Amino acid sequence: DAKTTQPTSMDCAEGRAANLPCNHSTISGNEYVYWYRQIHSQGPQYIIHGLKNNETNEMASLIITEDRKSSTLILPHATLRDTAVYYCIVRVINDYKLSFGAGTTVTVRA
Amino acid sequence: GAVVSQHPSWVICKSGTSVKIECRSLDFQATTMFWYRQFPKQSLMLMATSNEGSKATYEQGVEKDKFLINHASLTLSTLTVTSAHPEDSSFYICSAKGGAGGRDEQFFGPGTRLTVL
């Protein structure tokens, strides 16, 4: 019952922006969009989340379309350390369970 | 801030023995903790949710008598794998969420790799 769809993998160049798409066409008004990443053999790391508005923090920006059916995570200046699996997750407000899909394997190349 | 630790980081045990994994929130109080399992080349699967001072809620298909969870304080949850078998070998990851007024996201520990011989 995957609620999000992400590309299986993508490459990006070091120093360039990385744009990671996510489709969540069945999202409800009471559901957040969350992004986590998992570097090999480590626990997931929280990146950013949003409800309707675009969000930015020290790690990334999250752009959510007006109809909320898709979003894009932007890593402004990718480094080799950003190589990881990135998970886009839809989560109901006040239900804190996270359901991880397969994610996007991002490889940053020098 | 929002650091979660796990101990041990890896453990090897013989089949039939029990293994306890600790999950601690180091700089915040975690009213809710979650336990996940991740097999090689697969995604994380939620095993159970525990709230401080109450019994854990297990996901469908997870044996509560085999995976004992205790959340006795606001900074500590433990997962005990009882009578472990080779098929229990996996990467076990905990996460913690702060209470009311705290941050809304889950923060994850570094994981514990369990190998059962």
Side-chain angles (χ1 to χ4, degrees), chain A residues 1-9 20 22 30-53 55-60 62 71 73 81 83-107, chain B residues 1-7 9-10 21 23-26 28 30-52 56-60 62 79 90-100 102-115:
Chain A
D1 61 340
K3 301 195 75 173
T4 64
T5 304
Q6 299 178 250
T8 303
S9 63
L20 282 62
C22 179
N30 66 340
E31 290 180 314
Y32 287 111
V33 178
Y34 271 75
W35 283 84
Y36 280 83
R37 72 181 183 183
Q38 185 178 26
I39 295 170
H40 183 64
S41 294
Q42 297 182 24
Q45 177 188 21
Y46 166 78
I47 301 174
I48 201 167
H49 75 280
L51 186 62
K52 289 189 290 187
N53 299 322
E55 302 287 344
T56 295
N57 63 20
E58 64 278 4
M59 286 185 70
L62 174 60
S71 61
L73 178 74
R81 288 177 293 180
T83 292
V85 179
Y86 287 75
Y87 298 100
C88 170
I89 300 169
V90 167
R91 197 212 88 189
V92 176
I93 294 173
N94 294 327
D95 180 355
Y96 296 97
K97 290 185 188 181
L98 296 176
S99 180
F100 285 81
T104 297
T105 299
V106 173
T107 304
Chain B
V3 179
V4 176
S5 70
Q6 282 185 241
H7 178 80
S9 55
W10 60 271
I21 301 170
C23 175
R24 293 181 186 273
S25 57
L26 299 185
F28 68 102
T31 53
T32 307
M33 287 185 168
F34 303 83
W35 286 94
Y36 295 81
R37 181 167 53 180
Q38 186 175 32
F39 293 108
K41 298 190 186 302
Q42 295 186 22
S43 192
L44 283 78
M45 293 290 294
L46 178 65
M47 299 174 67
T49 303
S50 75
N51 292 298
E52 185 263 341
T57 303
Y58 292 81
E59 295 299 302
Q60 192 171 9
V62 177
L79 168 69
S90 188
F91 192 47
Y92 291 87
I93 309 169
C94 73
S95 70
K97 180 206 154 313
R103 294 175 64 172
D104 221 21
E105 54 268 28
Q106 290 181 34
F107 296 95
F108 285 79
T112 296
R113 187 159 307 279
L114 170 63
T115 302

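All values derive from a computational prediction rather than experimental measurement. In what follows, every chain begins at residue 1, and chains take the letters A, B, ... in the order their sequences are listed.
- Annotation: maximal heavy-atom pairing with chain A below 4.5 Å, among B/Q42, B/M45, B/Q38, occurs at B/Q38.
- A/Y87 and B/S43 make their closest contact through CE2-OG, 3.4 Å (heavy atoms, listed as atom of the first residue, atom of the second, distance).
- More than 12 heavy atoms of other residues, nucleotides or ligands lie within 6.0 Å of CE in A/M59, so this atom counts as buried by the packing criterion.
- The contact between B/E59 and chain A is made entirely by side chain atoms (from C-beta outward), counting heavy-atom distances below 4.5 Å.
- The distance from the CG atom of A/L98 to the OH atom of B/Y36 is 4.0 Å, given to the nearest 0.5 Å.
- Contact of A/Q45 with chain B is not made at all, since no heavy-atom distance falls under 4.5 Å.
- Between B/L44 and A/P44 the shortest heavy-atom distance is CD2-CG, 3.6 Å.
- Here B/Y58 pairs with nothing under the ring pair (Phe, Tyr, Trp, His ring centres under 6.0 Å) rule; sequence neighbours left out.
- For A/K52, the salt bridge (charged side-chain N to carboxylate O under 4.0 Å, His left out) criterion is met by no residue, not counting sequence neighbours.
- Annotation for A/Y36 and B/E105: closest pair OH-CB, 3.8 Å, computed over non-hydrogen atoms.
- A donor-acceptor pair under 3.5 Å is absent between the side-chain atoms of A/Y96 and the main chain of B/T49, judged by distance alone.
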